[in-house]
Amino acid sequence: MFIPCDRGGGSAVPDFKGFTLLMPAVSVGNVGQLAIDLVISTLDMTKVGYFYTDCLVPMVGNNPYATAEENSVELSINAEVYSLPSKKLVVLQIRSPFIKNKYRPFCETLLSWVKSSKCARVVLLSSSHAYQRDDEQLLGTPLRYLLTPDLEKAVGGRMKELNWKEMEKVAAYPGISNTDKVLHIPGGGITKLLFTESCSEGIQMAVLLKFCSEGDNIPDAFVLVNYLNEWLQLIKSEVSTSNNSTDPSSQWKIPSSWRLLFGNGLPPALF
Amino acid sequence: MATFFGEVVVAPSRAGLDEEEEAREETPEDREIRREIEKKRYGRRGRLGLEIGEREIDVLWSCAQEPLVCSRFIVAIGRNAAAFLSSFILDSVCWEVVGVVKLWNEWCRTSSTTNVLPTDSFCLFYRLIADPTVLLCQCSCYVAEDQQFQWLEKVFGSMQKKGLQVTILSTCPVADYKTQESTLTLVSPFLKALKTKEFQEQVCCPLLEQPNIVRDLPAA
């Protein structure tokens with residue numbers, strides 16, 4: 001599945017042992033994917049390979065993180081892997097939707113790659129339909145987390161220190177009081193499948209998600225990536241001297257490919 | 001989301017199909033019905049009694065030599081690109097038909113005949129008689145997203161690549177082109193290109209600027 005890039009010194013497979021794999025779920029508002037774009041762009045991560053898979057709709061374009069003429073002509077496809085060894089971070093970006101009936105094969109192949117490359121843990125960025133929240137979820141923070149049992153032992157305490165809220169389970173049959181509680185992540189794409197598979201396979205996985213709706217999801221991406229940063233500390237949050245608050249939003253670099261997200265310029269003749 | 005008549009409709013998500021549909025609890029009757037539908041849509045027994053998916057692609061080569069040795073492969077995807085090749089490149093003197101792709105999806109069906117009309121859906125392979133390592137493909141049919149990878153593997157799988165250079169020709173609507181100005185004032189049609197870093201020759205037109213992308217079979 002993983003094909004390393006040929007970086008001139010032969011295509012030696014990069015070593016991800018002990019790394020944290022950060023990846024998005026293709027979910028409502030594409031928030032996870034936008035947040036990953038911010039991480040790759042800000043940390044100026046190097047592409048180390050891609051996934052050769054028949055599970056995603058094919059797409060190709062020129063480098064979405066281009067900053068100058070010289071680096072703008074590298075091709076980019078639907079599932080690529082970037083790495084930052086200094087932070088022991090490897091990032092998978094997924095750029096197109098899943099092909100019907102291919103969710104499960106992709107999840108299986110992905111998790112088997114996680115195990116074979118000996119990644120220490122997986123952090124999945126996702127989102128869920130805001131309109132499906134119950135009365136209690138409408139109040140307070142729209143951010144939630146989930147930890148597989150293996151990761152709970154390692155970092156559960158840190159989540160409590162950060163005062164994070166765990167994703168609530170809901171009744172399997174709403175309205176009937178004595179039913180089992182199940183995990184329900186509407187609009188989350190492969191989130192629930194990946195999470196439940198990781199639980200049963202003993203993989204350390206954290207899910208960070210935000211309740212949102214389709215629309216301009218750039219602010220949602222910033223909120224999610226700042227949430228991630230509270231835990232992983234990927235960038236330093238500088239204290240702003242003007243209002244004495246910590247707002248790292250301005251330190252994330254928006255990729256050049258985020259231009260024209262809502263269409264072209266208008267024809268002058270319209271007015 | 002509300003329309004202007006006050007009717008509430010479920011807004012489809014940009015994120016694609018919701019996996020929750022597949023995770024729903026099924027009764028044994030539901031499972032049986034779903035299995036029958038899938039068998040009808042995806043599986044039938046072929047001549048040898050083997051299960052053949054209706055969505056499987058067959059690549060049929062007419063020449064005895066397989067794998068085909070190929071140094072140049074030109075692929076025209078879509079009706080416009082296929083018509084371009086018919087008008088300016090192909091003729092029965094210099095080119096011979098060497099293969100055909102047989103497929104079916106909800107949008108079109110191609111057959112194994114090589115005698116096609118321009119208005120038909122077809123996918124044919126030609127070889128330059130003067131240099132049999134030059135191959136050309138005219139693909140005017142729509143290859144569905146779950147068939148694209150298969151097309152790729154089966155076509156390239158039957159080639160013996162010898163310093164292979166691939167050129168893909170396709171078209172996109174101008175309205176899909178993302179640019180700062182309005183597409184109304186753009187002079188069209190216009191050419192844009194994408195190339196791999198291994199392609200060292202001069203490209204005849206500007207490269208496709210971000211954030212534009214190419215999808216489906218040309219991307220595959």
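Throughout, a chain's letter reflects where its sequence line sits, starting with A, and its residues are numbered from 1.
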Quiz item: When only pairs under 4.5 Å are counted, which of A:L261, A:L56, A:V31, A:T53 shares the most heavy-atom pairs with chain B?
Solution: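 Option with the greatest count: A:T53.
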
Self-check item: Partner chain B: residue of A:S127, A:S96, A:G61 with the largest heavy-atom pair count (under 4.5 Å)
Solution: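 The option with the most such pairs is A:G61.
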
Practice problem: Give a yes or no answer on whether the side chain of A:N264 reaches the backbone of B:Y177 with a donor-acceptor pair at less than 3.5 Å. | Solution: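 Yes, because the side chain of A:N264 sits within donor-acceptor range (under 3.5 Å) of the backbone of B:Y177.
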
Exercise. May I ask you to decide if A:S256's main-chain N or O and B:Q210's side chain share a donor-acceptor pair within less than 3.5 Å?
Key: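 Not confirmed, B:Q210 side chain does not pair with A:S256 backbone.
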
Practice problem: Could you look at A:T191 and say if it's the side chain, the backbone, both or neither that has a heavy atom under 4.5 Å from chain B? | Solution: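 For A:T191, there is no contact with chain B at all, as no heavy atom is under 4.5 Å.
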
Quiz item: Which bit of A:N63 is near chain B, if near means a heavy-atom gap under 4.5 Å: side chain, backbone, both or neither?
Solution: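 Backbone plus side chain of A:N63, per the 4.5 Å heavy-atom cut-off to chain B.
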
Quiz item: For chain A, which residues from residues 199-209 of chain B have at least one heavy atom closer than 4.5 Å to it?
Solution: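 Residues of residues 199-209 of chain B touching chain A at under 4.5 Å: B:L207, B:L208.
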
Quiz item: Run the side chain to side chain contact (heavy atoms under 4.5 Å, CB included) check on A:L260 and B:Q180 step by step: do they pass?
Solution: CA-CA 7 Å; A:L260 306 172; B:Q180 196 64 45; 4.1 Å; yes

Quiz item: Roughly how far, to the nearest 0.5 Å, is CG of A:L75 from NZ of B:K197?
Solution: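 If we round to the nearest 0.5 Å, B:K197:NZ and A:L75:CG are 8.5 Å apart.
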
Self-check item: Spacing of A:D54 atom CG and B:D146 atom CG [to the nearest 0.5 Å]
Solution: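 If we round to the nearest 0.5 Å, A:D54:CG and B:D146:CG are 9.5 Å apart.
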
Other residues, nucleotides and ligands only: do more than 12 of their heavy atoms fall within 6.0 Å of [atom1] on [X]?
X: B:F190; atom1: CZ; value: yes
X: A:E69; atom1: CD; value: no
X: B:K154; atom1: NZ; value: yes
X: B:K192; atom1: NZ; value: yes
X: A:D180; atom1: CG; value: no

Measuring heavy-atom distances to chain A, does [X] have an atom under 4.5 Å in its side chain, in its backbone, in both, or in neither?
X: B:E145; answer: both
X: B:K178; answer: both
X: B:N212; answer: backbone
X: B:Q150; answer: neither

Exercise. Determine, step by step, whether B:D216 and A:V57 satisfy the side chain to side chain contact (heavy atoms under 4.5 Å, CB included) criterion, reporting the C-alpha distance in whole Å, the side-chain angles of both residues, the deciding distance to 0.1 Å, and the verdict.
Key: CA-CA 7 Å; B:D216 294 326; A:V57 174; 4.2 Å; yes

Quiz item: Under a 4.5 Å heavy-atom cutoff, which of B:L217, B:L194, B:T183 has the most pairs with chain A?
Solution: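 Among B:L217, B:L194, B:T183, the one with the most close pairs to chain A is B:L194.
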
Practice problem: Can you sort out the partners of B:R215 under salt bridge (Lys or Arg N to Asp or Glu O under 4.0 Å), two or more places apart, ordered by chain and number? | Solution: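 In terms of salt bridge (Lys or Arg N to Asp or Glu O under 4.0 Å), with neighbours along the sequence ignored, B:R215 is linked to no residue.
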
Quiz item: Any idea which heavy atoms bring B:P211 and A:R259 closest together, and the distance?
Solution: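 B:P211 and A:R259 have their closest heavy atoms at CG-O, 3.3 Å.
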
